[in-house]
Amino acid sequence: MKASIAAKSVAERVAAVNWVEIETHLKEAGFARLGALLWREECDSLRDLYIDTTRFRSRIDMARYRFGEGEYQYFAYPLPELVAVLREALYVRLADSANDWMEALGRPGRFPAEHPAFLKQCAKSAQKRPTPLLLRYRAGDYNCLHQDVYGDVVFPFQVIFCLSRPDDEFTGGELLLVEQRPRAQSVGQAIRLGQGEAVVITTRWRPVRGSRGYYRANVRHGVSEVQSGERYTLGIIFHDGK
Ligand SMILES: [Fe+2]
């Protein structure tokens, strides 16, 4: 019962975000800060799940795949209630922007208004495994620039939550975005997130307005080296994986 009240509260916080402003920021910059959506005790409860192996379907040692240093775990279904509520509530708010982006990019495919319908699209492409994940970085850990694409069906946005307190619990460990524009040098952004704070980033591409309509910029993300302490993040990816 207590968990359900918390879930309702977090859905209300998502609804209270100024989504018109977010849509504008996304169009202008390719990412947008959502503000602090999770309370400290919620961040702590999510972090505490990390050691509960029954909650996860797989654990990735990043060094093993040369993805970086550190590790992350993909949640198993059923997702923890807080994660499930965030995934559905955020999807609903981002689906229209996702469709606008596909149109601007000249890409086929439309995203349904509700997340369960989108998961059915994923399942038709054999993408049935949950992709929300918890990441744990310790001093010296980092994440190489990458894109979280797990099949043909790709939702153009994902949301990252910082679960640890910068300065108090870790230093370094900025979220990095690198945008590669055709026939131009890449542009980098370093995003520092407070505890509970969320940012929407593009999964793979973003439309950039040029003199002859929109063109496609390729965006990769990663994490700079954590200098001290421990940094946990929650990644909400909306498409399922193979
Ligand atoms: Fe990622």
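When a ligand or atom number is given, it counts from 1 through the structure's own listing order. Computed from a predicted model, the values in this text were never measured in an experiment. Counting begins at 1 with the first residue of the sequence.
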Discussion item. Check this for me: does any side-chain nitrogen of one of E42 and R13 sit under 4.0 Å from a carboxylate oxygen of the other?
Written reply: yes
Worksheet item: For K242, does the NZ atom have more than 12 heavy-atom neighbours from other residues, nucleotides or ligands under 6.0 Å away?
Response: yes
Worksheet item: Protein N/O/S atoms under 2.8 Å of the Fe ion (ligand 1)?
Response: H146 NE2, D148 OD2, H221 NE2
Response to the item:
Those residues at least two apart in sequence (or on a different chain) that pass ring-ring contact (aromatic ring centres under 6.0 Å, His included) with F67 are Y65
Worksheet, complete the sentence: The ring-ring contact (aromatic ring centres under 6.0 Å, His included) partners of F31 (sequence neighbours excluded) come to none
Practice prompt. Provide the closest heavy-atom pair for P132 versus V83 in the form atom of the first, atom of the second, distance.
Written response: CB-CG1, 3.8 Å
May I have the list of side-chain donor-acceptor pairs in residues 94-113 shorter than 3.5 Å, sequence neighbours left out?
from : atom 1 : to   : atom 2 : distance (Å)
N99  : OD1    : F111 : N      : 2.7
N99  : ND2    : A95  : O      : 3.4
N99  : ND2    : F111 : O      : 3.1

